[in-house]
Amino acid sequence: MFDAIAAGPPGGRPVLLLHGFPQTGLAWERQIEALAARGHRVVAPDQRGYSPGVRPQRPADYRMDALVGDVVAIADALGWDSFDLAGHDWGGAVAWWTAAAHPARLRTLTVVSTPHPGALAEALRTDRDQKEKSQYMRDWRETPATEDRMLADGAAGLRALYGEKVPPGSVEAYLRHLSEPGALTAALNWYRSGRPEGAIGTVDVPVLYVWSTDDVAFGPAAARRTGHWVEGPYRFETLPGVGHWIPEEAPEALNRLLLEHLRAHPGR
């Protein structure tokens with residue numbers, strides 16, 4: 001069973017929010033408040049590996065088809081035939097794959113920071129900046145060296161990832177969560193699971209993609225190519241001077257864009 005934060009009227013327009021590494025559904029706290037205040041029913045689950053009740057041990061159990069299956073299963077359990085989906089970081093990657101595999105289930109897609117996987121693959125082949133930005137993913141696949149480094153000295157390595165951009169209370173909550181036995185290994189299994197089977201195609205749903213110029217993980221080459229992978233209505237917004245943690249670092253800007261996107265596409 002997945003742990004989740006839920007808010008808003010039960011009959012409101014449903015929105016599912018997917019967090020990334022190394023966070024939980026708490027990453028969307030400000031968006032949950034804004035969406036619920038406008039009558040949306042919002043659910044932000046702790047995804048596979050982050051929820052203690054859904055924490056398999058094998059890296060293979062974190063392959064993309066399983067993660068997409070979780071999204072559909074959660075929506076089914078909530079009784080949502082169609083819903084709006086948003087994702088950040090790894091949650092953004094899962095959101096792209098979900099939209100490609102199940103377009104009929106989504107009213108809209110909002111992806112924060114993470115470019116379309118096809119655009120990212122292109123940039124990794126041709127753009128030196130993106131290759132350098134993505135080196136950490138190869139480094140983190142070491143086992144168990146990554147866990148040891150991140151959790152040493154009171155989780156100093158893990159704490160450093162957030163910089164000073166994430167609210168201190170949220171950082172402490174993430175550190176407590178990921179310091180539980182097996183939790184960080186489960187979260188890192190997302191990186192260790194291997195490449196997705198098959199290739200992702202274009203996305204044919206209304207898409208809002210929000211990228212920031214100071215993102216340490218995703219550079220401009222992949223961000224600018226993302227629109228080539230969207231066949232439906234597409235809006236690309238850049239936040240100057242903002243880092244990777246957009247939902248927490250620039251909540252007002254993201255809330256405005258997200259609500260505008262939902263209003264622009266009331267149904268399919």
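Computed from a prediction, not measured in an experiment: that's the story for all the values here.
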For [X] and [Y], which heavy atoms make the closest approach, and how far apart are they?
{"X": "Ala222", "Y": "Thr226", "result": "O-OG1, 3.0 Å"}
{"X": "Arg55", "Y": "Gly182", "result": "CD-O, 4.0 Å"}
{"X": "Ser170", "Y": "Glu29", "result": "OG-OE1, 4.5 Å"}
{"X": "Leu109", "Y": "Ala99", "result": "CD2-CB, 3.7 Å"}
{"X": "Thr114", "Y": "Ala93", "result": "CG2-N, 3.9 Å"}
{"X": "Ala4", "Y": "Pro45", "result": "CB-CA, 3.6 Å"}

Answer yes or no: is there a side-chain heavy-atom contact under 4.5 Å between [X] and [Y]?
{"X": "Thr146", "Y": "Tyr136", "value": "no"}
{"X": "Val43", "Y": "Ile5", "value": "no"}
{"X": "Leu254", "Y": "Gln31", "value": "yes"}
{"X": "Leu239", "Y": "Thr213", "value": "no"}
{"X": "Pro247", "Y": "Val112", "value": "yes"}
{"X": "Val71", "Y": "Phe83", "value": "yes"}

Gln135 and side chain to side chain contact (heavy atoms under 4.5 Å, CB included): which single residue from Glu132, Met137, Arg138, Lys133 fits? Arg138

May I ask you to decide if [Y]'s main-chain N or O and [X]'s side chain share a donor-acceptor pair within less than 3.5 Å?
{"X": "Asp89", "Y": "Gly91", "result": "no"}
{"X": "Ser113", "Y": "His244", "result": "yes"}
{"X": "Asp129", "Y": "Gly219", "result": "no"}
{"X": "Ser51", "Y": "Asp3", "result": "yes"}
{"X": "Tyr234", "Y": "Tyr209", "result": "no"}
{"X": "Thr110", "Y": "Leu258", "result": "no"}
{"X": "Trp190", "Y": "Tyr62", "result": "no"}
{"X": "Asp215", "Y": "Phe218", "result": "yes"}

Selection residues 2-44 - residue pairs positive for ring pair (Phe, Tyr, Trp, His ring centres under 6.0 Å), sequence neighbours left out: His19-Tyr50, Phe21-Trp140, Phe21-Tyr191

Show your reasoning for whether side chain to side chain contact (heavy atoms under 4.5 Å, CB included) applies to Val111 and Leu208. CA-CA 6 Å; Val111 180; Leu208 167 66; over 6 Å; no

Those residues that, when tested against [X], pass side chain to side chain contact (heavy atoms under 4.5 Å, CB included) (two or more places apart):
{"X": "Thr143", "value": "Arg192"}
{"X": "Ala121", "value": "Arg125"}
{"X": "Asp76", "value": "Val72, Arg105"}
{"X": "Thr202", "value": "Trp229, Glu231"}

same_hphob_cluster(Val166, Val216) at 4.5 Å side-chain heavy-atom cutoff: no

Once salt bridge (charged side-chain N to carboxylate O under 4.0 Å, His left out) is applied, do any residues pair with Asp70, and if so which ones, sequence neighbours excluded? Arg48

Return the set of residues passing salt bridge (charged side-chain N to carboxylate O under 4.0 Å, His left out) with Glu33 (not counting sequence neighbours), or none when no residue passes. none

Just jot down the side chain to side chain donor-acceptor pair (under 3.5 Å) partners of [X], sequence neighbours excluded, or say none.
{"X": "Ser82", "result": "none"}
{"X": "Arg41", "result": "none"}
{"X": "Arg195", "result": "none"}
{"X": "Thr238", "result": "none"}

Please round to the nearest 0.5 Å and tell me the distance separating atom [atom1] of [X] and atom [atom2] of [Y].
{"X": "His261", "Y": "Thr108", "atom1": "NE2", "atom2": "OG1", "result": "4.0 Å"}
{"X": "Tyr162", "Y": "Glu249", "atom1": "OH", "atom2": "CD", "result": "14.5 Å"}
{"X": "Leu178", "Y": "Leu151", "atom1": "CG", "atom2": "CG", "result": "8.0 Å"}
{"X": "Leu67", "Y": "Thr98", "atom1": "CG", "atom2": "OG1", "result": "8.5 Å"}
{"X": "Leu85", "Y": "Leu16", "atom1": "CG", "atom2": "CG", "result": "5.5 Å"}
{"X": "Glu122", "Y": "Leu124", "atom1": "CD", "atom2": "CG", "result": "10.5 Å"}

Establish, yes or no, whether a centroid distance under 6.0 Å links the rings of His228 and His116. no

Output, in order, the C-alpha distance, side-chain angles, deciding distance and verdict of side chain to side chain contact (heavy atoms under 4.5 Å, CB included) for Leu262 and Val15. CA-CA 10 Å; Leu262 298 184; Val15 183; 4.2 Å; yes

Before giving the answer on side chain to side chain contact (heavy atoms under 4.5 Å, CB included), spell out for Leu161 and Met150 the whole-Å C-alpha distance, their side-chain angles and the decisive distance to 0.1 Å. CA-CA 9 Å; Leu161 296 178; Met150 287 186 175; 4.1 Å; yes

Which of these, His177, Glu248, Gln47, sits in a side-chain hydrogen bond (donor to acceptor under 3.5 Å, both in side chains) with Gln23? Glu248

Ignoring hydrogens and geometry beyond distance, is a side-chain donor-acceptor pair present between Gln130 and Ser134 at under 3.5 Å? yes

With distance as the sole criterion, is a donor-acceptor pair present between the side chains of Ser193 and Arg141 under 3.5 Å? no

Do Arg256 and Glu260 sit within salt-bridge range, that is, some charged N less than 4.0 Å from a carboxylate O? yes

So does Glu237 pair up with Arg235, basic N to acidic O under 4.0 Å? yes

Residues forming a ring pair (Phe, Tyr, Trp, His ring centres under 6.0 Å) with Trp211, sequence neighbours excluded: none

Could you walk me through whether Arg107 and His265 pass the side chain to side chain contact (heavy atoms under 4.5 Å, CB included) check? CA-CA 7 Å; Arg107 282 196 179 99; His265 303 284; over 6 Å; no

